[in-house]
Amino acid sequence: DGGITQSPKYLFRKEGQNVTLSCEQNLNHDAMYWYRQDPGQGLRLIYYSQIVNDFQKGDIAEGYSVSREKKESFPLTVTSAQKNPTAFYLCASSDAGQGTDTQYFGPGTRLTVL
Amino acid sequence: AQSVTQPDIHITVSEGASLELRCNYSYGATPYLFWYVQSPGQGLQLLLKYFSGDTLVQGIKGFEAEFKRSQSSFNLRKPSVHWSDAAEYFCAVGAGGRRALTFGSGTRLQVQP
């Protein structure tokens with residue numbers, strides 16, 4: 001089955017630690033995205049990548065880093081510089097090659113800082 | 001800059017009643033518009049989308065939405081709500097070209113038996 005996988009489902013981080021969230025897709029999509037969701041809020045864009053080896057900052061990139069070395073993978077690192085990282089993180093990819101930019105989402109990772 | 005407003009934070013309807021969730025957008029050109037649904041602790045599932053053509057769009061699970069350019073709206077409707085429709089609903093607008101979407105803050109739907 002084609003789709004987007006995120007791991008782990010739950011992640012706990014101690015103060016001062018960096019953690020990496022995994023996002024993999026087998027949809028052959030060029031574009032991938034990371035969003036952050038907080039209770040009662042919509043999704044806010046952290047980073048996005050329109051093509052391999054290229055990515056752009058979103059609205060709330062501070063304290064986060066990404067890489068895009070492979071088409072199917074777009075990992076997100078939450079660094080110790082992110083002051084309030086507890087949130088639900090969603091990865092998405094889009095079939096922009098069809099000109100429709102429809103985004104499909106993974107199941108999410110819930111990060112909690114202890 | 002594009003933006004999306006979902007005026008209703010929380011809506012409660014009785015099972016079998018009709019539903020309309022409101023969405024207003026701000027965008028300078030013809031927008032790409034989407035409705036997604038999210039169950040607790042899950043990712044987002046696409047309900048329907050509008051790019052061009054017929055302004056009444058049919059989606060999955062019996063949902064439909066109507067694009068009204070004059071009102072900058074893209075309201076989601078369903079004639080008869082089922083208990084399984086209880087979830088959070090997000091409206092989003094996109095500019096195309098592989099750029100990211102801008103989401104509204106969501107409307108939480110509760111269904112009473």
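We name chains A, B, ... by the order of the sequence lines, and we start the count at 1 in each one.
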*Does CD belonging to A:Gln56 count more than 12 external heavy atoms closer than 6.0 Å?*
yes
_Starting from A:Val66, can I reach A:Tyr33 by hopping between I/L/V/M/F/W/Y residues whose side chains sit under 4.5 Å apart?_
no
_Most contacts with chain B, counted as non-hydrogen pairs under 4.5 angstrom, among A:Asp59, A:Ile4, A:Leu43_ = A:Leu43
*Positions in residues 19-26 of chain B that reach chain A, provided some heavy atom is under 4.5 Å away*: none
*Report the distance from atom CZ of B:Phe34 to atom CD of A:Gln103, rounding to the nearest 0.5 Å.*
7.0 Å
*Same cluster for B:Phe63 and B:Val4 if Ile/Leu/Val/Met/Phe/Trp/Tyr side chains link at under 4.5 Å?*
yes
_Where B:Lys49 and A:Tyr104 come nearest, the two heavy atoms and their spacing_ = NZ-OH, 4.3 Å
*Of the listed residues (B:Gln42, B:Glu88, B:Gln45), which shares the most heavy-atom pairs with chain A below a 4.5 Å separation?*
B:Gln42
*Please report the shortest heavy-atom distance between B:Leu44 and A:Phe105, naming the atom on each side.*
O-CB, 3.5 Å
*For B:Gln6, is it the side chain, the backbone, both, or neither that has a heavy atom closer than 4.5 Å to a heavy atom of chain A?*
neither
*Is the number of heavy atoms from other residues, nucleotides or ligands under 6.0 Å of A:Lys14 NZ greater than 12?*
no
*Is it the case that more than 12 heavy atoms not belonging to B:Gln58 sit under 6.0 Å from its CD atom?*
yes
*asked:* Hydrophobic clustering (ILVMFWY, side-chain heavy atoms < 4.5 Å, transitive) - are A:Tyr48 and B:Tyr32 grouped together?
replied: yes
_same_hphob_cluster(B:Ile60, B:Tyr89) at 4.5 Å side-chain heavy-atom cutoff_ = yes
*asked:* Would you say that A:Tyr35 contacts B:Leu101 through its side chain, given a criterion of any heavy-atom pair below 4.5 Å between the two side chains?
replied: yes
*asked:* B:Phe90: which residues meet the ring-ring contact (aromatic ring centres under 6.0 Å, His included) condition with it, sequence neighbours left out?
replied: none
_Under 4.5 Å between side-chain heavy atoms, counting indirect links through other Ile/Leu/Val/Met/Phe/Trp/Tyr residues: same cluster for A:Leu45 and A:Trp34 or not?_
no
_Holding to salt bridge (Lys or Arg N to Asp or Glu O under 4.0 Å), I want the full list of residues that pass it with A:Arg44, two or more places apart in sequence or in another chain._
A:Asp38
_Residue part contacting chain B, namely of A:Gln37, when any heavy atom lies under 4.5 Å_ = side chain
*Just wondering, more than 12 heavy atoms not from B:Ile9 lying within 6.0 Å of its CD1?*
no
*Residues of residues 77-90 of chain A with any heavy atom under 4.5 Å of a heavy atom in chain B*: A:Phe88, A:Leu90
